[in-house]
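Encoded as structure tokens, the structure appears first; notes follow it.
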Amino acid sequence: MARTKDFDENEVLCKAIQLFWHKGYNATSMQDLVDGLGISRSSLYDTYTDKHTLFLKALESYQTKGAAKIQGIINEGNPTKETIKKLLQLATNDLTADAQQRGCFMVNAEIEVASSDEEVNQMVCKNDQQMEEAFYQVIKRGQDNGEIKNSRDARALSRFILNTLKGMRVSAKSISDKVFFEDIINLTVSVLG
């Protein structure tokens, strides 16, 4: 008979995200996880098999929550430039409010782990594709309804904005000045015409 878990898996994943985000994947030990998650080593192994599986589940949870926030902004139905600006501000507001300047958990995983871990690489690529597609849909809608110039390729613009966003997420590890990021956001939005 299977034992009943005496912990909330969502709560454990939230704690795991914070631990991995703070220390990085490689520097987070199993003992760090046992101590930080508040569950026994056997429960950790029974539920997640190993540190790598827990890391993947933490990344997936982080991505799912982020995608929901992004979709919420898109669903507001604001004008194109305002929507793009809000999407960029969503990321930078969270990052500049972080006193520890941890940057973006997904980008950190990309930098630290993705080049040597195919599963993490696939998750990062999937996340990038979803972000690119979100920007593309907003830009295409704006071009179709005449809100923004139709002179630039919507796909190329969405890739440019995604790349800009990723650069801002890396910069947030050392820069917390909101004006710095607002300047970048305003210039990025101006590219839409």
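Computed from a prediction, not measured in an experiment: that's the story for all the values here.
- For the residue pair A154 and Q143, the shortest heavy atom distance occurs at CB-OE1, 3.4 Å.
- Using a 4.5 Å heavy-atom threshold, the side chains of Q100 and W21 count as separate.
- Under the 4.5 Å side-chain criterion, counting only non-hydrogen atoms from C-beta, T47 is not in contact with K57.
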- [ ] Run the numbers on S61 and E9 for side-chain contact (heavy atoms from CB on, under 4.5 Å), then give the verdict.
- [x] CA-CA 11 Å; S61 176; E9 283 190 59; over 6 Å; no
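- When all heavy atoms of G36 and L19 are compared, the pair lying nearest together is CA-CD1, 3.8 Å.
- Formation of a donor-acceptor pair under 3.5 Å by the S116 side chain with backbone atoms of V113 is found in this model.
- The side-chain hydrogen bond (donor to acceptor under 3.5 Å, both in side chains) test with Q122 is passed by exactly one of E119, K126, E118: E118.
- L157 has its side chain out of reach of F135: every pair of non-hydrogen atoms, C-beta onward, lies at least 4.5 Å apart.
- To the nearest 0.5 Å, the span separating OG1 on T96 from CZ on F180 amounts to 12.0 Å.
- The closest donor-acceptor contact from the side chain of K51 to the backbone of Y25 lies under 3.5 Å.
- Taking every heavy atom of both residues into account, I74 and R141 meet most closely at O-NH1, 4.2 Å.
- Residue A109 comes nearest to V120 through the heavy atom pair O-CG1, 4.0 Å, listed as atom of the first residue, atom of the second, then distance.
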TODO: Kindly determine whether E82 and V189 satisfy side-chain contact (heavy atoms from CB on, under 4.5 Å), including the steps that lead there.
DONE: CA-CA 8 Å; E82 184 179 337; V189 171; over 6 Å; no
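- Counting only heavy atoms from C-beta outward, the side chains of Y62 and C104 approach each other to under 4.5 Å.
- Sorted by first then second residue, the side-chain hydrogen bond (donor to acceptor under 3.5 Å, both in side chains) pairs that include residues 180-189, not counting sequence neighbours, are K85-N186, Q89-E182.
- In this structure, V170 shares a hydrophobic cluster with V107, I111, the cluster being traced through Ile, Leu, Val, Met, Phe, Trp and Tyr side chains under 4.5 angstrom apart.
- Partners of T53 under the side chain to side chain donor-acceptor pair (under 3.5 Å) rule, at least two apart in sequence or in another chain, are D50.
- Between the side chains of E112 and N108, no donor-acceptor pair is found at a separation under 3.5 Å.
- Linking ILVMFWY side-chain heavy atoms closer than 4.5 Å, directly or via other members, places F105 and L88 in two distinct hydrophobic clusters.
- Under the 4.5 Å side-chain heavy-atom criterion for grouping Ile, Leu, Val, Met, Phe, Trp and Tyr, M106 is connected to L54 within one hydrophobic cluster.
- Atom CZ of R102 is surrounded by more than 12 heavy atoms from other residues, nucleotides or ligands within 6.0 Å.
- No hydrogens or angles considered: nothing links the side chains of E133 and Q129 as a donor-acceptor pair under 3.5 Å.
- Not one N or O on the side chain of R152 forms a donor-acceptor pair closer than 3.5 Å with the backbone of G193.
- Side-chain contact of D32 with S29: a donor-acceptor pair under 3.5 Å is present, judged by distance alone.
- Judged purely by atom type and a 3.5 angstrom limit, E110 has no side-chain atom pairing as donor or acceptor with the backbone of V124.
- At a threshold of 4.5 Å between non-hydrogen side-chain atoms, the residues L192 and E147 do not count as touching.
- A side-chain donor-acceptor contact under 3.5 Å links T83 to the backbone of N78.
- There is a path of hydrophobic side-chain contacts, each under 4.5 Å, that joins I39 to L33.
- Proximity of L13 to Y48: side-chain heavy atoms (C-beta onward) are separated by under 4.5 Å at one or more points.
- For the residue pair V191 and F160, the shortest heavy atom distance occurs at CG2-CE2, 4.0 Å.
- Residues L95 and I84 do not share a hydrophobic cluster, defined by chaining ILVMFWY side chains whose heavy atoms lie under 4.5 Å apart.
- S158 contributes a side-chain N or O that, together with a main-chain N or O of R155, makes up a donor-acceptor pair within less than 3.5 Å.
- How far CD1 of I70 is from NZ of K65: 14.5 Å, rounded to the nearest 0.5 Å.
- Side-chain contact between L59 and F20: absent, with no pair of heavy atoms (C-beta onward) separated by less than 4.5 Å.
- Of all heavy-atom pairs between T80 and G142, the closest is OG1-CA, 3.0 Å.
- Side chains of K166 and D128 form a contact here, defined as non-hydrogen atoms less than 4.5 Å apart.
- By the criterion of side-chain heavy atoms lying less than 4.5 angstrom apart, applied directly or through intervening Ile, Leu, Val, Met, Phe, Trp or Tyr residues, I148 is grouped together with L87 in one hydrophobic cluster.
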Task: Pair R159-E132, salt bridge (Lys or Arg N to Asp or Glu O under 4.0 Å): steps then yes or no - done: CA-CA 6 Å; R159 290 175 178 155; E132 179 187 320; 3.1 Å; yes
